[in-house]
Amino acid sequence: MISGRDRTALPRTFFDRPVLDVAPDLLGRILVRTTPRGRMALRLTEVEAYDGERDPGSHAYRGRTARNAAMFGPPGHAYVYFTYGMWHCLNLVCGPEGKASGVLLRAGEVVSGVDLARSHRPNARRDAELAKGPARLATALDVDRALNGVDVCLVETDAELPAAPEPDGELGVLTGRPPGRGRVRSGPRTGVGGEGAPYPWRFWIEDDPTVSPYRAHQPRSRARLRTEAT
DNA sequence: CGTGGGATTTACT
DNA sequence: GTAAATCCCACGA
């Protein structure tokens, strides 16, 4: 459940920092998704940092395109991309405008609106699987490209209020309760190969049941399969 | 429990 | 043409 002290909205300055600072700092914080059918809240448990045009694993590595334009925009906005022909993934844009860095939201615990999230993910066996993986997370929260570029910082911080209002927009991020440093782990990013593979820019909360299983990059072309068979 | 293949569009070579 | 920041189901142990 979300208590009053979790509800202060994060200020835009939270995202206007290097992505490698923001990414682990997002763990334990609350993503709020509001749709015409209701509101859901997700405690973030796993994220990955993508560091702009210097990061070979980043969509921005080869410069600006129609798809990645939101990454080049101001921090505190969403970047939603479509992949594998059927899935959406949600990122939060970080750093100074133009640096094109972002945090992929990979997993979380649905702490409010479980029934609504389940209606988007009817095949999920357990609640812990509702948002266990980036495409599952987006599906559970009914996120698609309609949210690409939307502001996630629509509510001003007011530390005097014990329970600040939840975000007015379709997406928002609240303070939540970040885990202690000892509970945060890092390692290589899931499914990222090539030059971007070595960077340990995946961050997760240790022992949390909603964290997705790590999978190394797996080439799947027939040419590569033949190569590996010989 | 683990492994393997199919789905299905977009971006880029 | 082919790989992609993925998921799901079938099948075997």
Side-chain angles (χ1 to χ4, degrees), chain A residues 19-20 22-24 26-27 31 44-72 77-95 99-108 110 117-149 186-204 209-229:
Chain A
V19 66
L20 291 176
V22 177
L26 277 170
L27 295 174
L31 178 72
L44 298 173
T45 59
E46 181 191 358
V47 300
E48 281 176 1
Y50 287 87
D51 194 9
E53 295 178 84
R54 80 179 178 100
D55 175 6
S58 169
H59 286 169
Y61 183 55
R62 289 170 184 82
R64 181 174 179 149
T65 66
R67 176 175 70 163
N68 67 22
M71 290 186 83
F72 288 81
H77 289 246
Y79 164 49
V80 180
Y81 68 89
F82 184 64
T83 191
Y84 290 102
M86 58 183 111
W87 308 111
H88 297 276
C89 294
L90 171 63
N91 299 252
L92 302 180
V93 177
C94 298
K99 190 162 186 307
S101 61
V103 177
L104 172 67
L105 306 184
R106 288 197 56 89
V110 179
R118 180 162 283 285
S119 75
H120 302 133
R121 295 249 314 124
N123 294 330
R125 294 181 181 170
R126 303 167 11 205
D127 286 351
E129 295 177 356
L130 286 170
K132 188 179 196 155
R136 289 169 169 181
L137 184 156
T139 302
L141 299 183
D142 195 23
V143 169
D144 62 22
R145 276 172 293 185
L147 288 180
N148 191 35
S186 67
R189 294 174 292 187
T190 299
V192 174
E195 301 285 314
Y199 301 104
W201 291 346
R202 171 176 177 249
F203 302 93
W204 67 94
T210 66
V211 173
S212 70
Y214 172 74
R215 288 194 308 276
H217 178 65
Q218 287 294 342
R220 60 160 197 173
S221 72
R222 284 187 291 189
R224 178 61 67 95
L225 291 174
R226 273 201 305 276
T227 300
E228 292 181 351

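Please read these numbers as outputs of a predicted model, since none were measured by experiment. Chain letters run A, B, ... following the sequence lines, proteins first and then strands; every chain starts at 1.
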What's the [atom1]-[atom2] distance between [X] and [N], to the nearest Å?
X	N	atom1	atom2	value
A/L90	C/dT6	CG	C1'	15 Å
A/R62	C/dA5	CZ	C1'	13 Å
A/F82	B/dA11	CZ	P	10 Å
A/Y84	B/dA11	OH	C1'	13 Å
A/H88	B/dT8	NE2	P	14 Å
A/Y61	B/dC12	OH	P	14 Å
A/R64	B/dC12	CZ	C1'	18 Å
A/N68	C/dA5	CG	P	12 Å

Open item on the list: Please confirm whether the shortest side-chain N or O distance from A/H217 to OP1 or OP2 of C/dA3 is below 4.0 Å.
Closed with: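 No, outside the criterion.
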
Please classify the nucleic acid contact of [X] as base, sugar-phosphate, or nothing, using heavy-atom distances under 4.0 Å.
X	answer
A/R67	sugar-phosphate
A/R202	nothing
A/T65	sugar-phosphate
A/N91	base

- [ ] Side chain of A/R145 only, please: which of C/dT6, C/dC8, B/dT10 is the nearest?
- [x] B/dT10

Task: Validation row: A/L92, A/V47 side chains within 4.5 angstrom (heavy atoms) - done: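 Not touching, per the 4.5 Å side-chain cut-off.
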
Are any side-chain N or O atoms of [X] and backbone N or O atoms of [Y], one a donor and one an acceptor, separated by less than 3.5 Å?
X	Y	result
A/E48	A/T190	yes
A/R121	A/L130	yes
A/R189	A/A49	yes
A/S58	A/Y50	no
A/E46	A/S212	yes
A/H77	A/G149	yes
A/N91	A/G102	no
A/N148	A/V80	yes

Open item on the list: Which is more 5' along DNA chain C, the nucleotide nearest A/G191 or the one nearest A/N123? Just name the residue.
Closed with: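 It is A/G191, whose closest nucleotide lies nearer the 5' terminus.
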
Open item on the list: Please report the distance separating the P of B/dT3 from the corresponding atom of C/dA5, rounded so that it comes out in whole Å.
Closed with: 23 Å

Open item on the list: Can you tell me whether the side chain of A/Y81 and the base of C/dA5 have a donor-acceptor pair closer than 3.5 Å?
Closed with: yes

Open item on the list: Tell me whether the rings of A/H59 and A/Y81 are parallel (<30°), tilted (30 to 60°) or perpendicular (>60°).
Closed with: perpendicular

TODO: Could you identify which residues of residues 45-59 of chain A place a heavy atom less than 4.0 Å from some atom of DNA chain B, listed by residue number, or say none?
DONE: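 Nothing qualifies; none.
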
- [ ] Determine if A/W87 stacks with C/dT6; use a centre-to-centre distance below 5.5 Å and an interplanar angle below 30° as the criteria.
- [x]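 One would not call A/W87 stacked on the C/dT6 base.
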
Open item on the list: Just to be sure I follow the notation: if a pair is Watson-Crick (purine N1 to pyrimidine N3 plus N6-O4 or O6-N4) or a G-U wobble (N1-O2 and O6-N3), each under 3.5 Å, what dot-bracket string does DNA chain B give, with | for pairs to another strand?
Closed with: |||||||.||||.

